[in-house]
Amino acid sequence: MVRHVKDEAGFNPRIMPNKKNVHVVKHGEDWAWRREGSSRVSGIAPTQADAIKGGRQASRAGKGELFIHRPDGRIRDRDSHGNDPTASPG
């Protein structure tokens with residue numbers, strides 16, 4: 001039997017976090033972005049769009065991935081900012 005363990009933000013603590021990745025999550029009435037595996041947020045914004053801008057800057061700087069979550073915690077979108085595989089021929 002497989003148990004899926006997640007913390008209050010929906011992250012599985014049994015999986016090694018990639019600190020380059022940034023998650024945009026609901027934070028009370030506001031939105032925030034934080035590095036994967038971090039318990040503290042990197043920034044807070046009043047709207048999801050503003051949090052995405054801040055998270056995108058952070059993920060580009062770290063050459064990681066940006067994960068945008070819905071208010072219920074599910075991932076609605078993701079964007080890669082580094083280590084993309086080269087295009088395959090054909």
Side-chain angles (χ1 to χ4, degrees):
M1 181 173 163
V2 176
R3 280 187 65 205
H4 297 282
V5 179
K6 295 182 180 180
D7 68 5
E8 63 278 354
F11 298 104
N12 186 336
R14 295 183 182 180
I15 297 173
M16 182 65 82
N18 182 343
K19 301 235 182 225
K20 294 180 179 183
N21 294 340
V22 177
H23 294 257
V24 173
V25 296
K26 188 75 171 151
H27 187 72
E29 292 296 315
D30 297 318
W31 288 86
W33 64 96
R34 70 176 186 172
R35 295 255 174 223
E36 191 168 296
S38 176
S39 60
R40 296 176 62 186
V41 297
S42 299
I44 299 172
T47 66
Q48 187 181 39
D50 290 338
I52 290 169
K53 288 177 189 174
R56 183 163 281 129
Q57 287 178 338
S59 64
R60 279 186 180 147
K63 294 185 172 32
E65 249 184 288
L66 176 66
F67 292 85
I68 302 167
H69 293 260
R70 296 178 188 278
D72 65 4
R74 292 182 301 147
I75 295 173
R76 78 167 174 102
D77 201 5
R78 61 195 288 180
D79 194 6
S80 178
H81 296 291
N83 296 329
D84 290 336
T86 56
S88 60

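Side-chain atoms are counted along with the backbone in the values below, which use heavy atoms only and exclude waters and symmetry mates. All residue numbers in this chain count up from 1 along the given sequence.
- Of all heavy-atom pairs between Ala45 and Asp30, the closest is O-CB, 3.3 Å.
- Shortest non-hydrogen contact noted between Asp50 and Trp33 is O-CZ3, 4.4 Å.
- Rounding to the nearest 0.5 Å places OG1 of Thr47 at 8.0 Å from CD1 of Ile52.
- For the pair Gln48 and His69, the minimum side-chain heavy-atom distance is 4.5 Å or more.
- Residue Lys53 qualifies as open at atom NZ: its count of foreign heavy atoms under 6.0 Å is 12 or below.
- Between the Asn21 side chain and the Glu65 main chain, a donor and an acceptor come within less than 3.5 Å of each other.
- In this structure, Val41 and Ala32 approach most closely via the heavy-atom pair CG1-CB, 3.6 Å.
- Within the 4.5 Å cutoff, the side chain of Val25 has no heavy atoms near those of the Trp31 side chain.
- Looking at Arg35, its side chain does come within 3.5 Å of a backbone N or O of Ala58 through a donor-acceptor pair.
- Between atom NE2 of residue His23 and atom CD1 of residue Ile68 there is a gap of 11.5 Å, rounded to the nearest 0.5 Å.
- Residues that satisfy the side chain to side chain donor-acceptor pair (under 3.5 Å) test with Arg70, not counting sequence neighbours, are absent from this structure.
- Within the hydrophobic cluster formed by Ile, Leu, Val, Met, Phe, Trp and Tyr side chains joined at under 4.5 Å, directly or through other members, Ile75 is accompanied by Phe67.
- Within the 3.5 Å criterion, the main-chain N or O of Arg56 finds a donor-acceptor partner in the side chain of Ser59.
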